[in-house]
Amino acid sequence: MRRSRALPLLLIVVSLALSPTAPAWGHGQQPNPPKRVLVLILDQLRPDYVDKFDMRNVKALMHRGVSFDNAYLGHMASETVISHNVITSGKLPRNMGWSDEAYRDVDNVLGAGAGAMWISGSLTRDQFNLLIAHGGYPKLPDYLHGAYPGSKYIVVGEKNYAAHSSSGPTGDITVTFSGRDFDCDGDGAKNWRGPTGYKVPPYIADPSCGRYYVDSSTSMSYGTATTPPAWMYPLDGNRFVPGFDPKHLGGDVWVADAGMEMMAKEPWSGMLLTMGAIDKASHMWGGITDTGEYPSGSPQEMAHLRFVARTADEQVGRVVDRLRELGQLDETLIVLTTDHAGQPSRRFHGVNAAGRGDFNWYYGETQNGTYLDPSPSLAPLLATGNVRFSYQDSAVRTWLNDTSPAAKREAASAMATMPDVIASYRLSGDGSRYRLHSVNWGAMNPSERHWWLLHGREIVNTMAAPYAADVVGLLRDNTSYGVAGDHGGAQKPVQRIPVVFAGAGIGPRDSGARMRSVDILPTILREMRLPLDAGLDGRARRLP
């Protein structure tokens, strides 16, 4: 099937509409606070992608709004299932109920027994809601409902764990992808995904395989299932890429289309659109090193970072343009950010083989997943005979069976001998902080050493809690145990992120002020003149 030419053409049109020479909106003309907030999360967007891939619509928001040029994530674990809740709660992982891709349920919140292990990225909406309710903290929809009774808070994203963790118990509409449950092309195979979530509007959840159903066949991988290193974490049809069927475009186009339709039809006060294609391509190919250009309109082009970055950028432009068309732009605060950055695995310590992604990342048994085929690099740690579960990407985090001080010291010493570990930590007895166990000064170059001295202890301690890993190993820059491009750790390439506030009456200005993901919610509340909860971990930043 021929590729629709609508995407590139729309990119040109929207880019012109949002170019820096176009008239600014609302500057100095808006005496009242914004009535709405739109949060755009471009998963794994590094700041340098904006120029490298000529993301013109992101640049336009930066030019017109307040761009925090020295922003960093400011927490571990630096990954999707953590950061989406940090952004929408203003809480650090140590205070929000779970702090990593794995979770030790010390309070038996999920009902499988005190201390049961879970993979947080595989939790259901109801389970996330239980953890958030157990934490007893408000989230973005709670503040908006208090200020605008009857309004709706809406979340859309390809990843169900991103959508459900950022919505929480009081979100009104959550739209994400189902499993491969539908046969929309009549070939007898259920390999299409459809919209699912919470209170999905009927015009989105069209039961007759309408616009929001996409072909997600695992056999349609655009070559990624058989090509290293992408084959460790390949595409499954059009879940993360648009594809070539103009009636059923997937990926970030799917997210933007659903969001824009609900903008026009729902009384919304808050919306979060989380777009996952940049993350997927970066994991498959190595992120910043994936700079090749491929034949226009080819399957190969669609599977690589340059195409998905420009497609994501196009959606930013389309969404802003839709706000303008609806007359909502001048009363909407726009926040553009990411849930983490990423880095190439130039030093890779997993197994580069087809389907190895989860087995490189996970080792152990949990209530919702078992992975018992570890990479050889974990051998020193496993030799202790005390590993209950381990998760490793651009950092290594391990939960132990025996959590006595002596056992933690033994595990932290073993972790320090693993490839490219620069520092190991062990959790204090009360789970309130991590103690530095060992430092490998010789493994760090001056830049790595400087960043670690400034931020290492700060970032690691943001996830210190009784439910967190017992021992942690930080790794050198551009090192991973997971896939070709990765996240999760404290390295500067993983931590440095874009944060932009634009829209109603804001900017333009660059800010060198400290800004972390946990500061985004209080800054939203301050700009919307809503009361800040005393228990927030983040700090509100001033916008001009």
Does the side-chain contact (heavy atoms from CB on, under 4.5 Å) test come out yes or no for Val316 and Leu61, once each step is laid out? CA-CA 9 Å; Val316 172; Leu61 284 182; 3.7 Å; yes
Can you list the residues that meet the ring pair (Phe, Tyr, Trp, His ring centres under 6.0 Å) rule with Phe53, with sequence neighbours excluded?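 Listed in chain order: Tyr49.
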Partners of Tyr213 by ring pair (Phe, Tyr, Trp, His ring centres under 6.0 Å), sequence neighbours excluded?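 Tyr213 satisfies ring pair (Phe, Tyr, Trp, His ring centres under 6.0 Å) with Phe182 once adjacent residues are dropped.
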Between [X] and [Y], a side-chain donor and acceptor under 3.5 Å:
X	Y	result
Glu158	Thr176	no
Ser517	Ser83	no
His487	Ser394	no

Not counting sequence neighbours, which residues clear side-chain hydrogen bond (donor to acceptor under 3.5 Å, both in side chains) with Arg388? List them please.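 None.
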[X]/[Y] ion pair, N-O < 4.0 Å:
X	Y	answer
Lys280	Asp43	no
Asp51	Lys59	yes
Asp519	Arg514	no

Report the relative orientation of the aromatic rings in Tyr233 and His283; use parallel for angles under 30°, tilted for 30 to 60°, perpendicular for over 60°.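 Taking His283 first and then Tyr233, their aromatic rings stand perpendicular (interplane angle over 60°).
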Might you confirm whether atom CZ of Arg211 has over 12 heavy atoms from other residues, nucleotides or ligands at distances under 6.0 Å?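 More than 12 within 6.0 Å, yes.
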